[in-house]
Amino acid sequence: MAAAPITCVKFTTSSMHTNQIIGKPSIHKLVSLGRVTSGVPCLRLRASRFQISCAAKPETVTKVCEIVKTQLALSADSVVEPDSKFSALGADSLDTVEIVMTLEEEFGISVEEENSQNITTVQEAADLIEKLVEKKNATA
């Protein structure tokens, strides 16, 4: 069985179960390593479908959490985590627009309207920010 070191990975199987690993590097068994008749190693996938996507850096998630807390005027003891939904934190659609505008200013990015409508959690916002910052740096 092969193992791969990872820091942030999101696994999604066809049965719609999601596991997210964020933080400390870990070793997780992803696939089995087999051999074909020619002696060349091949990978056998355990799930019929899965997707690996990198999650945002922990510092980006932390910064987004702080911005959300400030924008929604949450108390210091309020817990805002990556999977926190803006609506569960008391945000309405106007609050969400203001959060996105603050994130644009803070990270020096521009979020298209169709992308901003798909942001419902802190993690989704952080992931989009990472993607847009990476795209911005690639064109600079």
Side-chain angles (χ1 to χ4, degrees):
M1 184 88 46
I6 55 175
T7 301
C8 300
V9 176
K10 181 178 180 180
F11 299 94
T12 306
T13 64
S14 58
S15 62
M16 303 307 266
H17 294 290
T18 300
N19 295 318
Q20 222 170 12
I21 301 129
I22 299 175
K24 296 180 182 177
S26 303
I27 300 291
H28 290 275
K29 294 177 181 175
L30 301 176
V31 293
S32 61
L33 186 61
R35 295 206 178 263
V36 293
T37 56
S38 66
V40 178
C42 68
L43 299 177
R44 278 186 241 142
L45 305 178
R46 290 185 161 203
S48 59
R49 285 179 159 174
F50 72 92
Q51 176 184 356
I52 299 175
S53 61
C54 292
K57 297 175 195 167
E59 56 269 18
T60 302
V61 175
T62 301
K63 196 169 192 177
V64 172
C65 287
E66 291 169 2
I67 289 169
V68 169
K69 277 180 98 166
T70 301
Q71 197 66 40
L72 297 178
L74 299 175
S75 64
D77 60 340
S78 295
V79 178
V80 177
E81 297 184 348
D83 61 344
S84 297
K85 290 190 175 283
F86 295 152
S87 59
L89 296 171
D92 59 20
S93 58
L94 180 58
D95 291 322
T96 302
V97 169
E98 291 175 349
I99 290 168
V100 171
M101 289 173 58
T102 304
L103 294 171
E104 287 177 323
E105 290 174 20
E106 187 68 31
F107 290 95
I109 57 172
S110 179
V111 178
E112 299 294 325
E113 186 176 342
E114 60 270 6
N115 287 333
S116 68
Q117 293 173 353
N118 296 327
I119 300 172
T120 60
T121 66
V122 170
Q123 186 67 54
E124 290 171 353
D127 291 344
L128 180 61
I129 289 165
E130 289 286 328
K131 178 181 164 186
L132 293 173
V133 167
E134 186 177 295
K135 185 177 178 181
K136 177 183 167 187
N137 291 340
T139 59

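Just so we're clear, the structure is a prediction, and the values are computed from it rather than from any experiment.
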(message) Using 0.5 Å steps for rounding, measure from the CD atom of Q117 to the OG1 atom of T96.
(response) 11.0 Å

(message) For Q123, run the side chain to side chain donor-acceptor pair (under 3.5 Å) check against D127, T120, T121 and tell me which one passes.
(response) D127

(request) Give, for atom CD of E104 and atom OG of S116, the distance between the pair rounded to the nearest 0.5 Å. (result) 8.0 Å

(request) Provide the closest heavy-atom pair for Q71 versus I99 in the form atom of the first, atom of the second, distance. (result) CG-CG1, 3.6 Å

(request) Indicate yes or no for a side-chain donor-acceptor contact from K69 to the backbone of V64 under 3.5 Å, with no hydrogens or angles considered. (result) no

(request) State the CG-OG1 distance between L103 and T60, to the nearest 0.5 angstrom. (result) 10.5 Å

(request) Return the minimal non-hydrogen interatomic distance between T102 and I67, and the atom names on each side. (result) CG2-CG2, 3.6 Å

(request) Classify the side-chain pair S75/S78 by whether it contains a donor and acceptor separated by less than 3.5 Å. (result) yes

(request) Report the distance from atom CD of E124 to atom NZ of K85, rounding to the nearest 0.5 Å. (result) 6.5 Å

(request) Provide the closest heavy-atom pair for A56 versus V61 in the form atom of the first, atom of the second, distance. (result) CB-CG2, 4.1 Å

(request) Please determine which of D95, I119, V80, V100 meets the side-chain contact (heavy atoms from CB on, under 4.5 Å) test together with F86. (result) I119

(message) Are there over 12 heavy-atom neighbours, none belonging to E134, within less than 6.0 Å of that residue's CD?
(response) no

(request) Report the distance from atom CD of E106 to atom OG1 of T70, rounding to the nearest 0.5 Å. (result) 9.5 Å

(message) Do E114 and N118 pair up side chain to side chain, a donor and an acceptor below 3.5 Å, judged on atom types alone?
(response) no

(message) To the closest 0.5 Å, what do you measure between CD (E112) and CG (L128)?
(response) 10.0 Å

(message) Tell me whether the NZ or CZ atom of K63 lies within the 45° cone about the ring axis of F107 and under 6.0 Å from its centre.
(response) yes

